[in-house]
Every structure is written in structure tokens, then in C-alpha cells.
Number of protein chains: 2
Amino acid sequence: MGAYYQFCPVAKAMELLDERWTMLVLRELLMDSRRFNDLRRGLPRMSPALLSKRLHQLTAAGLVRLEDGQYALTDAGRELGPILEAIGVWGARWVGALGDPDLDPKLLLWDMHRRVDHGAVPPGRSVVHFDFTDVTGGAGRWWLVIAGQDVDVCDYDPGFDVTVTVHGTLRRMVEIWRGDVSWQQGLRDGALRIVGPESVRRALPGWFALASYATAPRPA
Amino acid sequence: MGAYYQFCPVAKAMELLDERWTMLVLRELLMDSRRFNDLRRGLPRMSPALLSKRLHQLTAAGLVRLEDGQYALTDAGRELGPILEAIGVWGARWVGALGDPDLDPKLLLWDMHRRVDHGAVPPGRSVVHFDFTDVTGGAGRWWLVIAGQDVDVCDYDPGFDVTVTVHGTLRRMVEIWRGDVSWQQGLRDGALRIVGPESVRRALPGWFALASYATAPRPA
DNA sequence: CGGTATCCACTACGATACTG
DNA sequence: CAGTATCGTAGTGGATACCG
């Protein structure tokens, strides 16, 4: 761990926080992922060894606590919440371009699955099918099964009746999800379509709560 | 530069910001250091090659602009100001222990020199002499020469009459500067003393504006 | 003053396999 | 499910010297 040898609290904080992946681990914990393999799903390109190491470091530093196999933030860790949010807003405003490798459908679905607004989804089981036309290698079809308080992500057809289908480019769906464009704008030119009964088509955008950074105004 | 391959704006922001030294370079720029060698004084353990590289990266990313040999933050860069401040507050609250190598008198004096409150210092020339008893290797004696709007840091006796002397441990002076303890508390047990005319002794703490993190409440 | 150039030592990280 | 073990390498960053 590279020390800066400065008494400045920014330097002392960054000694801990500027190591690769650390802030993303904290982001996942702030999103209420508490189990090792849940954290992994939000950090698919991080090796398990490194995730383990980071969790130990954060525990040693007093930001994270492990209790009955569940990771949780301490007061110190939770106080980074507003900072992570501000960084998200800053990133949404100023780091524009997304490369194709940034567009990971697995990550998108995992993120969407935990931001389902259960008050907005009809009772019973709803199945949202995603069909991304621009994803190669058979990872273009996904299903979100919402039943009660449970939401499951499937990369195979779970067999239930599909309530509604989102059909189009992954890039556009990500742009909507990040708040770069609104649902309305994003559906306008046909790069993305919602297919299903009229009432569900109208309601679907309300089934998901966008992230805090999504509503941040973009620079003119 | 390690990409995360995530569309999340936090990840996109951290791809840029979590490289070693980057946030400290931004801190210096936010403190209004604009010239290469001024930046170096605030980052003494950073090699010039690496500082140069970081400045280029930040320029390419649109956070920094070079104009007539002066570095300046762009709008994007300046918007990180509140985030850096929040990180400073967080660090002051939660990253307690300072190691001896964190206590660099050169850095302390450089920091103090740019936070002189010229409205509080008497007109004419004032010389503040620091005598740190716990610093080895002849780097324990420093002078701050305040004249008009200029403040000079000297590690040798500039020859002028000394207005007031701060005598004691560097560690205590740093604790005061960081806001871990108040001037009053810090002077109480004799680890640090202000030596000089009564009126100046009383006024000296007011000659410097503490950093924004210094006044942040510490956790109970 | 304001940087580049060079070179080396590490070590952090990624990939993969494996275990309790 | 929840990690640990192992291994090789890319590449970062530190030190120092040097240049316009």
C-alpha cells in the first residue's frame, strides 16, 4: 500500500481509497450487497482473490465489518456514501464516452434487478424480457423475474409467460439507465422498443428507480 | 491505465481519479498552485516525471488546462472541489493515526504559507520562526516571512528580526493545523509554546486560516 | 524555471485452479 | 457458497540524471 507521507487528511484518505477497485467495492456495499458472491456479481472483472484482499483491507481500516458471513459498512464506511454519490454525479456529467466493452448486459441487469420499485410493479409475477440486438455471443437475451419482493436475473428463458419485452440496443438501454437520455427520448428513434400490452408499456419505466446520478443535470 | 469495463459513472470517474497521486495533484491545483515547481513543493515525494505525466493525463481528460505556462482547472476539474473537501473531512474524521514520516515540516510550512490571513497580520514585515524540537537532521528550524501580500518560506535564517517564535514538537503543530486539537488545547501542556510579545502571542493563531477539514467535528 | 530521459525494481494485479 | 493458493507478467512508479 503506497503511502504518501503527508499529514493532509486528503492524502491519508486516498492512501486507502485510491487503490484499484476499492471505491467500487464500497459502491457495491452501499448498494446493500452483503455476501461475497453478490459483491462478485457487481464486480465481474475483479478476481476473487483481489476482492477478498480489499475486503480485508477495508475491514482492517474500519470501514467494513464482517458479521455472520455478511459484510456491512461501519459508520466510517457509510459516511462515504454522499462522496460516492457526488463522484457518480461528477462522472455522469464529465466522463462522457462509453466504450463498447463498458456495455455489459450482465452488469446492467444486475443493477436493474436491485432497483426495482416493488410499489410500482403489479402484484403476482411479472417477467421482463430483454433482447439486445447488438450483443454478440449469445449474451443478448435476459429475463427479470419479479415476484413479490424477489427479483431474479436469468440469462436463460425461465419458462414463465413474458409480461413485457424490451427490444433494441444495449447501448441505448444503458444510456437510459445512466440518465444520459430519458426513457421518452431513448424510445423515440426506434433504437429501443418496449413490446407488450399498452398499459404495461406505459408503466414499465416506472418499475425501476434510476440511480441518484441519473437525474443530475448534464453540462450545457 | 486500468479500465474497469463498467458503464457506471463511479467506475468511469475512478478510472481516471484512482491512480496514485492524481487526487493530490488536483488538491494542489484547487489550492491555487499553478506552476510546475509550486506543485512540486506540495508533492515533494512525487517524481517530476510522474507529475508531468499526471498533468498530461488530466489535461487529456479535460480537467486541467495549460495556458502560458500556468496550469489551471477547467470547469470539470473545479467541480471536484467539493468532493476533495468532503474527502478531507472524511479523512480527518476517520483516518486517525499519523506516522512519523507523515510529519513533514517542509510541507507544513508550505501549507501554512498559503493560508496566511493578510487581514490579520500587522502591516509591514512579520517574521514567524518555527523551532521544532523533535525533527532530526537540521530541518527543525523554519522561518515564515510575511511582507505585504508576499509570504516566503525559509529553511535558513533570513536575517530579519523575529516577530514571534513557535517552539515545540512538530507533531503538535500538525495536530493543531489539521484541527485535531484547537490552538488553545494544543498549547496547554507545554508540548508547544508561542514565544514573543503578549499581544502577538495572542494574535498569532488568527494569522492563519485553518483548512476546511480542520473545523469538521470529530466522531465521538 | 520547467520539464524529459532513462532505467530498474518491484509488486500489484489478472488468470486460473483449487479447497473447506 | 465463500473464499485461498499459485504463478507469471505487465507496467507503474521511484530515483536520478540531464536538457532547453
Side-chain angles (χ1 to χ4, degrees), chain A residues 1-6 11 14-26 28-29 32-61 64-72 101-102 104 106-107 110 150 152-153, chain B residues 1-6 11 14-26 28-29 32-61 64-72 101-102 104 106-107 110 150 152-153:
Chain A
M1 267 182 290
Y4 287 119
Y5 303 113
Q6 298 200 358
M14 293 317 292
E15 284 181 6
L16 177 66
L17 301 177
D18 72 2
E19 283 193 301
R20 189 161 162 74
W21 290 109
T22 296
M23 288 294 246
L24 302 195
V25 172
L26 291 168
E28 290 303 304
L29 290 165
D32 287 325
S33 280
R34 340 221 99 209
R35 318 193 67 94
F36 192 84
N37 284 333
D38 284 345
L39 292 167
R40 289 201 65 188
R41 293 190 75 173
L43 304 161
R45 316 216 16 157
M46 186 181 193
S47 82
L50 190 51
L51 173 56
S52 175
K53 179 179 176 183
R54 287 289 181 272
L55 287 168
H56 280 119
Q57 291 177 301
L58 290 171
T59 303
V64 169
R65 186 180 26 200
L66 177 58
E67 217 160 85
D68 340 304
Q70 311 253 111
Y71 293 96
D102 296 334
D104 183 339
K106 163 173 77 285
L107 222 32
W110 176 249
D150 290 335
D152 284 329
V153 179
Chain B
M1 267 181 289
Y4 287 120
Y5 303 112
Q6 299 200 357
M14 293 317 292
E15 284 182 5
L16 177 66
L17 301 177
D18 73 0
E19 284 194 302
R20 190 161 161 73
W21 290 108
T22 297
M23 288 293 246
L24 302 196
V25 173
L26 291 167
E28 291 302 304
L29 290 165
D32 287 326
S33 280
R34 339 222 100 210
R35 317 193 69 93
F36 193 84
N37 284 332
D38 283 346
L39 293 167
R40 289 201 65 187
R41 294 190 74 173
L43 304 161
R45 317 218 13 158
M46 186 181 194
S47 82
L50 190 52
L51 174 56
S52 175
K53 179 179 176 183
R54 287 288 181 271
L55 287 167
H56 280 120
Q57 290 176 304
L58 290 171
T59 302
V64 169
R65 185 180 27 200
L66 176 58
E67 217 161 86
D68 340 303
Q70 312 253 112
Y71 293 95
D102 295 334
D104 183 339
K106 162 173 76 287
L107 222 33
W110 176 250
D150 290 334
D152 284 328
V153 179

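Since the structure is predicted, the reported quantities are computational estimates derived from the model, not experimental observations. Chain naming here is simple, since letters A, B, ... match the order of the sequence lines and numbering starts at 1 in each.
- Side chains of A:Asp18 and A:Thr22 form no contact here, defined as non-hydrogen atoms less than 4.5 Å apart.
- Here D:dG13 is the nucleotide among D:dC1, C:dG2, D:dG13 with the atom lying nearest to any side-chain atom of B:Leu50.
- Distance A:Asp18 CG to C:dA12 C1': 13 Å, rounded to the nearest Å.
- Taking atom CZ of A:Arg41 as the reference point, atom P of D:dG3 lies 17 Å away to the nearest angstrom.
- Rounded to an integer number of Å, the gap from CD of A:Gln57 to P of C:dT11 is 14 Å.
- The nearest whole Å value for the distance from the CZ atom in A:Phe36 to the P atom in C:dG20 is 17 Å.
- OP1 or OP2 of C:dG14 sits under 4.0 Å from a side-chain N or O of A:Arg20.
- Inter-residue side-chain proximity for B:Val25 and B:Val64 is flagged as unmet; no heavy-atom pair is nearer than 4.5 Å.
- Closest approach to the B:Pro48 side chain among D:dA17, C:dC1, D:dG3 is made by D:dA17 (side chain taken as heavy atoms from C-beta onward).
- Between D:dC1 and A:Arg40, no contact under 4.0 Å exists linking OP1 or OP2 to a side-chain N or O.
- In this structure, B:Arg35 reaches the C:dG2 phosphate: one of its side-chain N or O atoms is under 4.0 Å from OP1 or OP2.
- In this structure, A:His56 does not reach the D:dA2 phosphate: none of its side-chain N or O atoms is under 4.0 Å from OP1 or OP2.
- Residue whose closest nucleotide on DNA chain D sits further toward the 5' end, between A:Ala49 and A:Asp38: A:Asp38.
- When rounded to the nearest whole Å, the span between CG of B:Leu51 and C1' of D:dA15 equals 15 Å.
- Between the C1' atom of D:dG11 and the CD atom of B:Glu19 lies a distance of 11 Å, rounded to the nearest Å.
- At least one side-chain nitrogen or oxygen of A:Tyr71 sits closer than 4.0 Å to the OP1 or OP2 atom of D:dG3.
- Using a 4.5 Å heavy-atom threshold, the side chains of B:Lys106 and B:Val153 count as separate.
- Taking the side chain as every heavy atom from C-beta outward, B:Asp104 and A:Tyr5 never approach each other to under 4.5 Å.
- Side-chain nitrogen and oxygen atoms of B:Ser52 include none within less than 4.0 Å of the OP1 or OP2 phosphate oxygen of C:dG3.
- Here the P atom of nucleotide C:dG2 and the CG atom of B:Leu39 are 10 Å apart, to the nearest Å.
- A close approach under 4.0 Å does not occur between any side-chain nitrogen or oxygen of B:Arg45 and OP1 or OP2 of D:dA15.
- Between the side chain of A:Arg54 and the backbone N or O of A:Arg20, at least one donor-acceptor pair lies under 3.5 Å.
- Contact annotation: A:Lys53 side-chain N/O to C:dA12 OP1/OP2 distance is under 4.0 Å.
- Between C:dC13 and B:Tyr4, no contact under 4.0 Å exists linking OP1 or OP2 to a side-chain N or O.
- If you take CG of A:Leu43 and P of C:dG14, they are 11 Å apart, rounded to a whole angstrom.
- Within the 4.0 Å cut-off from OP1 or OP2 of C:dA12, not a single side-chain nitrogen or oxygen of A:Trp21 is found.
- Although no hydrogens or angles enter the test, the distance criterion places no donor-acceptor pair under 3.5 Å between the side chain of B:Tyr71 and the main chain of B:Phe36.
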